[in-house]
Amino acid sequence: MTPDQAFAYLTKGCVDVVTAEGLRAKLALGRALTVKVGFDPTAPDLHLGHTVLIRKMKHFQDLGHRVIFLIGDFTGMIGDPTGRSKTRPPLSLEDIARNAETYKAQVFKILDPVKTEIRFNREWLAALGSEGFIRLAATYNVARMLERRDFRQRYEAGAPISVHEFLYPLAQAYDSVFLEADVELGGTDQLFNLNVGRDIMPAYDLPPQVVLTTPLLEGTDGVEKMSKSLGNYVGVTEPPESMYAKLLSISDELMWRYYTLLTDLTPEQIESERARAQPMASKMALARGLVADFHGADAARTAEEEWRRVHQQKRAPQDMPVVRVPAGGLPCKAHEFLARHALAPSKSEAMRLLRARAVKRDGAVVEAGAELDGAPFVLSIGPSRFFRVELEGKSDPQA
RNA sequence: GGGGAGGUAGCGAAGCGGCCAAACGCAACAGACUGUAAAUCUGUCGCCCCUCGGGCUUCGAAGGUUCGAAUCCUUCCCUCCCCA
């Protein structure tokens, strides 16, 4: 890879690069760069949006750089003043250790565990002492702190800002000093904190780190940011089939965004994929690749077969939730059946589904008002919800 | 402390005595279409009986006026804005 290609690869998808010249110069040093990325010690439940940053770490690993996965167990006590959560309950050491393990399980699907250094900033921040902390605080000034939007807004609004809140960016900055970071990565919301690190490093006779920020990923709806609460997310621990299906249901436009932020392909490779003008094939390749990242190639293949089976051939999936009907539960009016087994939230809703001809039994539309009988059979609701209905006590001889 | 505005279905927002289970938009769900989608079109979108249709409970809370209230009155709770 030429220096230009390396630069393009590493900055692919990034929002801020502070500064581009700085990064080029660091890359030109020809040595492995120390790349630091900080994480809260809170319990991670990662979705693809979080993996944008993690994948960026991998890109540095790919090019032979030294990547430090930093768990902010000390800074976690301070609590980043992002405004939202007012008081964060302090985590115990056991909590933090457990959370770190959970991180590993999820993050090492992408990162190379051998190449990844995991550090805890309590190691050096606890050792810093009051004197060290005061020296650290002396490297910055209030005016610059107030450049942070959150602080300025509160200051101007007369809302309180605790002095300890200023210590968070400083402590984070000191991490970079201690680790002699060449590069720090973070989400766009971290830009200020990352730059504080850059700013104070010269006071410790270190060259300023380069700051890169990764964007927030749009969710599967293509509009809102990916988030659990909006339901537009793809979780990294999600089963292969649903992961694949969700990814295939994104819009063609969004697919290229995902290509940029969720794959290791270079910008040129993505461009040539796009130039093929085979959006369906490209989307399947994307989904297959992502499923493979988290579940392995075999699972990805199986998920794809399954998807073809259900969505292209319109057949029932291999595995589907089983609805067990107690003795005497059949025959039963269809709408009542759906509501009783929680396949629809209410009988009214079930009735609507039936009227819309969305409910099928073994592939044949169930008419509104019809009765269901003669289990076992496969019941489907809409294009993607399938259930195997069985009578209690009689188990399926096949499965 | 003084003055003003407002709380309507998942969200936004109309309605301001009967034609209101409540316009409209978004989201959601379903159907059609398609290369899966997206886009588009159509339908649905409180609960219950369910075929039409019918019944029941909703419009911050509790009372009241009225043949009839989301709409009027009283009290209470909450939110926002301005002045001090």
Side-chain angles (χ1 to χ4, degrees), chain A residues 48 153 156-159 217-234 238-262 273-292 300-318 321 331-361 363-372 378-387:
Chain A
L48 290 185
Q153 282 176 347
E156 285 171 358
L217 183 73
E218 289 81 1
T220 48
D221 59 359
V223 182
E224 301 290 341
K225 300 306 167 204
M226 184 174 282
S227 91
K228 197 134 204 176
S229 56
L230 290 171
N232 61 358
Y233 70 100
V234 181
E238 210 165 302
E241 288 76 19
S242 76
M243 202 180 244
Y244 190 94
K246 281 186 185 180
L247 286 166
L248 228 61
S249 75
I250 65 174
S251 71
D252 286 0
E253 196 189 349
L254 184 62
M255 158 169 74
W256 298 112
R257 179 92 172 138
Y258 279 24
Y259 256 102
T260 300
L261 296 176
L262 300 175
E273 178 72 32
R274 190 168 193 157
R276 287 173 58 204
Q278 303 265 347
M280 187 61 177
S282 294
K283 199 176 290 183
M284 290 178 97
L286 173 73
R288 208 186 308 126
L290 280 166
V291 173
R301 241 187 326 276
T302 311
E304 180 164 302
E305 280 164 26
E306 189 68 0
W307 185 87
R308 284 184 188 281
R309 180 187 173 86
V310 176
H311 293 271
Q312 293 189 319
Q313 300 165 23
K314 307 286 182 197
R315 293 165 61 199
Q318 297 280 328
C332 177
K333 289 273 200 180
H335 70 279
E336 195 167 335
F337 184 89
L338 293 174
R340 185 190 298 164
H341 294 94
L343 307 180
S346 70
K347 290 184 193 174
S348 297
E349 179 63 25
M351 206 60 201
R352 277 177 219 123
L353 289 166
L354 286 160
R355 289 214 181 92
R357 306 177 69 75
V359 181
K360 290 178 183 158
R361 176 222 167 110
V365 172
V366 177
E367 301 291 339
E371 286 205 328
L372 291 172
V378 171
L379 198 66
S380 69
I381 305 170
S384 54
R385 299 177 62 205
F386 288 86
F387 303 91

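Letters A, B, ... are given to chains in the order of the sequence lines, protein chains preceding strands, and every chain is numbered from 1.
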Peer 1: Separation of A:L286 atom CG from B:A37 atom C1', in whole Å?
Peer 2: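 Whole-Å distance recorded here is 13 Å.
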
Peer 1: Run the side-chain hydrogen bond (donor to acceptor under 3.5 Å, both in side chains) test against A:R361 and tell me which residues pass, sequence neighbours left out.
Peer 2: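 Not a single residue meets the side-chain hydrogen bond (donor to acceptor under 3.5 Å, both in side chains) criterion with A:R361.
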
Peer 1: Give the rounded distance in Å between these two atoms: CE of A:M351 and C1' of B:U51.
Peer 2: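 After rounding, the gap between these two atoms is 8 Å.
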
Peer 1: In whole angstrom, what separates A:L248's CG from B:U34's C1'?
Peer 2: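 Answer to the nearest Å: 13 Å.
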
Peer 1: Closer than 3.5 angstrom, by distance alone: can the side chain of A:R355 be matched with the main-chain N or O of A:A368 as a donor-acceptor pair?
Peer 2: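 A pair under 3.5 Å: no.
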
Peer 1: B:C26 pairs with which nucleotide, Watson-Crick or G-U wobble, both distances below 3.5 Å?
Peer 2: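 Base-paired to B:G10.
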
Peer 1: Kindly write out the residues that satisfy side-chain hydrogen bond (donor to acceptor under 3.5 Å, both in side chains) with A:K246, not counting sequence neighbours, or none if the list is empty.
Peer 2: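 Result, side-chain hydrogen bond (donor to acceptor under 3.5 Å, both in side chains) vs A:K246: A:E238.
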
Peer 1: Any strand counts, and the cut-off is 3.5 Å on both contacts for Watson-Crick or G-U wobble. Which nucleotide pairs with B:C72?
Peer 2: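 With both distances under 3.5 Å, B:C72 matches B:G64.
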
Peer 1: Show, in sequence, the C-alpha distance, side-chain angles and deciding distance for A:V365 and A:V359, and conclude whether the side chain to side chain contact (heavy atoms under 4.5 Å, CB included) test is met.
Peer 2: CA-CA 6 Å; A:V365 172; A:V359 181; over 6 Å; no

Peer 1: Taking CD from A:E306 and C1' from B:U36, how many angstroms apart are they, rounded to a whole number?
Peer 2: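 Computing the A:E306:CD to B:U36:C1' distance gives 15 Å.
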
Peer 1: Nearest-Å distance, CD (A:E336) to C1' (B:C50)?
Peer 2: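 So the two atoms are 12 Å apart, to the nearest Å.
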
Peer 1: A:S346 side chain: which of B:U36, B:C50, B:C48 is closest?
Peer 2: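 Nearest listed nucleotide: B:C48.
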
Peer 1: Please tabulate, for side-chain N and O atoms in residues 274-285 of chain A, each donor-acceptor pair with protein atoms closer than 3.5 Å (sequence neighbours left out).
Peer 2:
unit_1	atom_1	unit_2	atom_2	d
A:R276	NH1	A:E273	OE1	3.3
A:R276	NH1	A:E273	OE2	2.8
A:S282	OG	A:E273	OE2	2.7
A:S282	OG	A:Q278	O	3.2
A:K283	NZ	A:I250	O	2.6
A:K283	NZ	A:D252	OD1	2.8

Peer 1: Would you say B:C49 has OP1 or OP2 under 4.0 Å from some side-chain N or O of A:K347?
Peer 2: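 Yes, A:K347 has a side-chain N/O under 4.0 Å of OP1/OP2 on B:C49.
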
Peer 1: Could you give the distance separating B:U57 and B:A69 at their C1' atoms, to the nearest angstrom?
Peer 2: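 To the nearest whole Å, 16 Å.
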
Peer 1: My understanding is that a pair needs two contacts under 3.5 Å, Watson-Crick or G-U wobble. By that rule, which nucleotide pairs with B:C59?
Peer 2: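 Base-paired to nothing in any strand shown.
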
Peer 1: Set out, line by line, the N/O atom pairs under 3.5 Å between protein and nucleotides 23-30 of chain B.
Peer 2:
unit_1	atom_1	unit_2	atom_2	d
B:A30	O2'	A:A356	O	3.4

Peer 1: Can you confirm whether more than 12 heavy atoms, excluding those of A:E371, are under 6.0 Å from its CD atom?
Peer 2: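 Counting other residues, nucleotides and ligands, CD of A:E371 exceeds 12 neighbours.
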
Peer 1: Taking the same atom, C1', in B:U66 and in B:U74, what whole-Å distance lies between them?
Peer 2: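 Their C1' atoms lie roughly 16 Å apart.
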
Peer 1: Find which nucleotide of RNA chain B each of A:A339 and A:M255 is nearest to by heavy atoms, and output the residue with the more 5' nucleotide.
Peer 2: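 Per heavy-atom nearest nucleotide, the more 5' residue is A:M255.
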
Peer 1: Considering every strand shown, what is the Watson-Crick or G-U wobble mate of B:C80 when both distances are under 3.5 Å?
Peer 2: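 Per the H-bond distance test, B:G4.
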
Peer 1: Within the distance-only criterion (no hydrogens, no angle test), does the side chain of A:N232 pair as donor or acceptor with the backbone N or O of A:S227 below 3.5 angstrom?
Peer 2: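 Checked: pair present.
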
Peer 1: Using both distances under 3.5 Å as the test, list the Watson-Crick or G-U wobble partner of B:A38, or none.
Peer 2: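 Looking at the geometry, B:A38 pairs with no nucleotide.
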
Peer 1: Given the C1' atoms of B:A62 and B:C78, what is the spacing between them in whole Å?
Peer 2: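 Looking at atom C1' only, B:A62 and B:C78 are 15 Å apart.
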
Peer 1: Please list each protein N or O that sits under 3.5 Å from an N or O in nucleotides 38-40 of chain B, with the distance.
Peer 2:
none

Peer 1: State which residue, out of A:E304, A:E305, A:E306, fulfils the salt bridge (charged side-chain N to carboxylate O under 4.0 Å, His left out) condition with A:R308.
Peer 2: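 Option passing the salt bridge (charged side-chain N to carboxylate O under 4.0 Å, His left out) with A:R308: A:E304.
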
Peer 1: Mind checking the C1' distance from B:G60 to B:A9? Whole angstroms is fine.
Peer 2: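 Comparing C1' positions in B:G60 and B:A9 gives a spacing of 14 Å.
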
Peer 1: Find the distance A:L354:CG to B:U44:P and express it as a whole number of Å.
Peer 2: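 About 16 Å, once rounded to whole Å.
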
Peer 1: If we take the C1' atom in both B:C72 and B:C59, what is their distance in whole Å?
Peer 2: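 It comes out at 16 Å once rounded to the nearest Å.
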
Peer 1: In terms of the nearest nucleotide of RNA chain B, which residue is placed more toward the 5' end: A:P279 or A:R355?
Peer 2: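 In this pair, the answer is A:P279.
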
Peer 1: Using only atom types and a distance under 3.5 Å, with no angle test, would you say the side chain of A:H341 pairs donor to acceptor with the backbone of A:F337?
Peer 2: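 Yes; at least one donor-acceptor contact below 3.5 Å.
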
Peer 1: Return the value, rounded to whole Å, for the distance between atom NZ of A:K283 and atom C1' of B:A37.
Peer 2: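 Nearest whole value for this atom pair: 4 Å.
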
Peer 1: Both distances below 3.5 Å, Watson-Crick or wobble geometry, any strand: find the nucleotide opposite B:U51.
Peer 2: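 Per the H-bond distance test, none.
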
Peer 1: Using the C1' atom in both, what is the distance from B:C81 to B:C48, to the nearest Å?
Peer 2: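 The answer is 44 Å between these two C1' atoms.
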
Peer 1: Just the rounded figure in Å: distance from C1' of B:C50 to CD of A:E371.
Peer 2: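 Those two atoms, CD and C1', are 14 Å apart.
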
Peer 1: Check salt bridge (Lys or Arg N to Asp or Glu O under 4.0 Å) between A:E349 and all other residues, then give those that pass, not counting sequence neighbours.
Peer 2: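 Salt bridge (Lys or Arg N to Asp or Glu O under 4.0 Å) check on A:E349 returns A:R352.
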
Peer 1: Heavy-atom count around A:R385 CZ within 6.0 Å, excluding the residue itself: above 12?
Peer 2: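 Yes, the 6.0 Å shell around CZ holds more than 12 heavy atoms from other groups.
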
